[in-house]
Student: 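Structure in structure tokens, see below.
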Protein chains: 2
Amino acid sequence: MDRPELPLQQLHAFVVLAEELHFGHAAARLGIAQPPLSQQIRRLEDKVGHALFHRAPGRVTLTPAGRELLPAARRALTDLTDGLAAARAVGSGRTGTLRIGFAASLALTVLPGLLRTFRHRFPGVRLDIHEMTTAPQIAALHDRTIDIGLLREPPADQPELGFRTVLSEPFVAVLPAAHPLAAQRTVRLAQLADSPFVLLPREVGPQLRDRITGLCAEAGFTPRTAQHAVEWQTVCALVETGLGVSLAPASIRRIRLKGVAFRRIEPGDARTRVAVAWRENDPNPLVAHLLAAVGQDRPDRV
Amino acid sequence: MDRPELPLQQLHAFVVLAEELHFGHAAARLGIAQPPLSQQIRRLEDKVGHALFHRAPGRVTLTPAGRELLPAARRALTDLTDGLAAARAVGSGRTGTLRIGFAASLALTVLPGLLRTFRHRFPGVRLDIHEMTTAPQIAALHDRTIDIGLLREPPADQPELGFRTVLSEPFVAVLPAAHPLAAQRTVRLAQLADSPFVLLPREVGPQLRDRITGLCAEAGFTPRTAQHAVEWQTVCALVETGLGVSLAPASIRRIRLKGVAFRRIEPGDARTRVAVAWRENDPNPLVAHLLAAVGQDRPDRV
DNA sequence: ACGGTCCATACGCCTAGGGATATCAGACCA
DNA sequence: TGGTCTGATATCCCTAGGCGTATGGACCGT
């Protein structure tokens with residue numbers, strides 16, 4: 001691609017003159033005097049190397065060369081004006097695409113409200129939503145596959161990423177309805193020591209997993225993992241079948257299953273945090289916009 | 001269509017930098033030092049109103065706005081370079097379209113050779129050939145519907161048109177083979193005084209028609225028109241059926257029909273001219289090229 | 001801590017190009 | 001033949017933008 005060394009004004013003058021076919025009128029439309037317009041056209045013709053207009057007494061006509069150039073000139077000008085407008089729209093964050101990764105469980109809590117407020121404020125922005133667990137979200141942020149992550153237990157060792165807590169919620173015990181402890185309103189953690197656990201595999205979210213096993217450790221035992229499941233939906237389903245118990249963020253109570261009971265735990269100060277994550281120094285204005293929306297969208301705490 | 005006030009160099013710099021993602025390399029490819037490139041980009045970003053590149057330590061990246069602008073910039077640049085090249089090609093007469101009108105009878109004589117030499121010399125030029133009689137050709141030249149006419153008996157009262165004789169040929173008598181005069185090698189015009197004539201209607205070519213009736217007048221009679229026909233092919237066919245006789249340019253001898261005889265006439269100095277016609281002041285270089293080709297293409301005289 | 005890399009900034013220089021006004025030249029018309 | 005319309009030319013002015021060299025400042029490796 002070589003660089004055609006033309007001032008765009010000349011092209012614009014050319015297009016206008018091609019429409020008016022009258023130097024005086026075209027100059028008026030361009031807001032300049034007639035002699036400068038003659039110069040512009042002349043310079044352009046010099047650069048092309050051929051006449052673009054045929055000046056007959058009384059009428060100005062396009063030459064074949066001019067007719068050939070006209071559509072290209074028009075296209076170039078509209079391409080540029082449109083491109084500039086689009087770039088400005090994207091630059092100001094009025095339009096564009098924001099790619100968001102989110103943990104499946106958040107589809108029940110923070111995600112809907114967040115999307116609603118954002119879409120309301122930026123209707124021109126397309127949101128690409130990808131369900132993914134915590135660890136892949138971190139990787140995808142680094143990959144620039146997503147721009148925003150919505151995850152649990154933000155990891156600490158991520159200097160290039162920013163995190164902001166959106167929600168902090170307690171843990172609950174997840175029990176089969178038939179489990180003896182389901183009769184209590186509150187379950188002490190130590191009481192779960194002997195039950196098999198259904199847990200998330202460590203790979204999908206090391207922080208949350210470690211958090212849970214840490215809670216158990218504080219209560220004096222190491223949970224025995226009977227089964228792994230990647231989604232909380234599945235965890236609850238497995239608990240319902242009696243395969244074991246679990247510890248989960250309170251918001252998963254929204255998953256209603258007849259055979260599952262959720263109970264507060266003792267000690268009750270253990271909380272898990274949901275955070276938005278983004279690349280520090282991400283120039284995308286939509287990221288800033290979303291973070292601002294997060295600041296104002298304070299969804300119902302569970 | 002508003003005028004985006006951007007030097008194209010900045011766009012070019014932008015595109016190259018977007019490909020290289022490295023100021024030093026891009027500057028080298030552009031053949032300038034690095035600081036000027038920084039300036040170009042900065043100026044462009046100022047005009048857009050947003051950053052186009054994200055300068056992170058160690059890596060340069062396109063911002064979303066930049067990603068949005070890039071394809072438009074590329075399109076605009078290629079449109080312009082292509083458009084300029086096309087305009088230059090057309091301006092120099094290497095490519096383009098030439099619209100030619102021609103009298104049907106000339107398809108048998110001057111037209112093929114002319115087209116052949118022209119096409120050989122300007123293979124990039126498209127030739128649009130339209131069969132039409134003389135009067136419509138004159139109108140089409142004024143309309144700018146055609147650029148070149150190939151016609152008989154160029155009219156004199158056309159100040160805006162140029163004419164150049166391509167071929168000058170005698171008239172011949174067209175007789176049914178059974179006609180008594182077909183027995184002679186030469187026919188005196190006066191001998192045709194009593195035969196009905198098949199002639200072209202005056203509207204399609206007043207000059208030629210007037211020429212023929214003029215010849216008859218000189219021989220002392222007014223031809224009695226038995227039938228009109230627009231094409232010489234038809235004239236011959238009608239003569240063959242015995243409907244009458246005719247006078248025609250010698251080149252129509254190429255139309256071979258069993259029942260038709262062509263005979264020289266007395267006096268034999270009457271000739272009809274075939275000419276190319278064009279608009280004087282036509283800026284189209286192809287017209288000049290074709291006229292030059294006519295000068296050299298001297299087809300076989302009939 | 002110290003060069004090396006990479007981009008930005010700061011001058012200074014220069015030209016191209018855009019603008020205006022005044023004037024000229026040809027065509028056309030009354 | 002003189003007025004009008006239209007486009008081209010001639011000057012002059014101004015500034016935007018392009019380039020270079022020199023320098024600063026952040027970051028990264030050893």
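The basis for the numbers below is simple: all heavy atoms, side chains too, and nothing from hydrogens, waters or symmetry mates. Within every chain, numbering begins at 1; the chains are lettered A, B, ... in the order of the sequence lines, protein sequences first and strands thereafter. Source: prediction; values computed, not measured.
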Student: Has A/Ser38 got a side-chain N or O lying under 4.0 Å from the OP1 or OP2 atom of D/dG7?
Tutor: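 A/Ser38 to D/dG7 OP1/OP2: no side-chain N or O under 4.0 Å.
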Student: Take the protein atom CZ of A/Arg42 and the nucleotide atom P of C/dG19, then report the distance between them rounded to whole Å.
Tutor: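 After rounding, the gap between these two atoms is 17 Å.
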Student: Quick one, give me the B/S/- string for nucleotides 20-30 of chain C, reading 5' to 3', where B means a protein heavy atom under 4.0 Å from the base and S means that only happens at the primed atoms, P, OP1 or OP2.
Tutor: BBB----S---
Student: What is the distance, rounded to the nearest whole Å, between atom NE2 of B/His54 and atom C1' of C/dA8?
Tutor: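 Computing the B/His54:NE2 to C/dA8:C1' distance gives 16 Å.
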Student: Does C/dC6 have its OP1 or OP2 closer than 4.0 Å to a side-chain nitrogen or oxygen of B/Arg55?
Tutor: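 Checking C/dC6 against B/Arg55, no side-chain N or O comes under 4.0 Å of OP1 or OP2.
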Student: Do A/Arg273 and A/Thr165 get their side chains close enough for a donor-acceptor pair, meaning under 3.5 Å?
Tutor: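 Yes.
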Student: If I take atom CG from residue B/Leu290 and atom CG from residue B/Leu150, how far apart are they, to the nearest 0.5 angstrom?
Tutor: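 These two atoms lie 7.5 Å from each other.
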Student: Side chains of B/Ser38 and B/Gln34: donor-acceptor distance under 3.5 Å anywhere?
Tutor: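 Yes, B/Gln34 and B/Ser38 have a side-chain donor paired with an acceptor closer than 3.5 Å.
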Student: For the pair made of CG in B/Leu37 and C1' in D/dG17, what is the distance, rounded to whole Å?
Tutor: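 Taking atom C1' of D/dG17 as the reference, CG of B/Leu37 is at 14 Å.
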Student: Rounded to the Å, how far apart are A/Glu20 CD and D/dT6 P?
Tutor: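 After rounding, the reported distance stands at 13 Å.
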Student: Please tell me if B/His22 has a side-chain N or O lying less than 4.0 Å from either OP1 or OP2 of C/dC7.
Tutor: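 Indeed, a polar side-chain atom of B/His22 lies that close.
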Student: What is the distance, to the nearest angstrom, from the CZ atom on B/Phe14 to the C1' atom on D/dG18?
Tutor: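 Atom-to-atom, B/Phe14 to D/dG18, this comes out as 19 Å.
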Student: So, B/Glu153 and B/Thr272: side-chain donor and acceptor under 3.5 Å apart, yes or no?
Tutor: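 Per modelled atom types, B/Glu153 and B/Thr272 side chains form a pair under 3.5 Å.
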Student: Rounding to a whole Å, what distance do you find between B/Arg59:CZ and D/dC28:P?
Tutor: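 Value for this atom pair: 10 Å.
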Student: Tell me, do A/Leu30 and A/His12 make a side-chain contact under 4.5 Å, heavy atoms counted?
Tutor: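 Yes, their side chains come closer than 4.5 Å.
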Student: I need the CG-P distance between A/Leu52 and D/dG7, as an integer number of Å.
Tutor: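 One finds 16 Å between P of D/dG7 and CG of A/Leu52, rounded.
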Student: May I have the distance from B/His25 (atom NE2) to C/dC7 (atom C1'), rounded to whole angstrom?
Tutor: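 Roughly 13 Å, once rounded to whole Å.
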Student: Taking only residues two or more places apart in sequence, or in another chain, which ones meet A/Arg144 in a side chain to side chain donor-acceptor pair (under 3.5 Å)?
Tutor: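 If we apply the side chain to side chain donor-acceptor pair (under 3.5 Å) test to A/Arg144, skipping adjacent residues, there are no hits.
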Student: Would you say A/Gln39 and A/Arg43 are linked by a side-chain donor-acceptor pair, where the criterion is simply a distance under 3.5 Å?
Tutor: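 The answer is yes; a qualifying pair exists.
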Student: Identify which one of A/Asp128, A/Asp147, A/Asn284 satisfies the side-chain hydrogen bond (donor to acceptor under 3.5 Å, both in side chains) criterion when paired with A/Arg99.
Tutor: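 Considering A/Asp128, A/Asp147, A/Asn284, a side-chain hydrogen bond (donor to acceptor under 3.5 Å, both in side chains) with A/Arg99 is found only for A/Asp147.
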Student: So which protein N/O to nucleotides 13-17 of chain C N/O distances come out below 3.5 Å?
Tutor:
residue	atom	partner	partner atom	Å
C/dG17	OP1	A/Lys47	NZ	3.3

Student: Can we call the ring centroids of A/Phe118 and A/His289 under 6.0 Å apart?
Tutor: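 No, the ring of A/Phe118 stays outside the 6.0 Å limit from the ring of A/His289, centre to centre.
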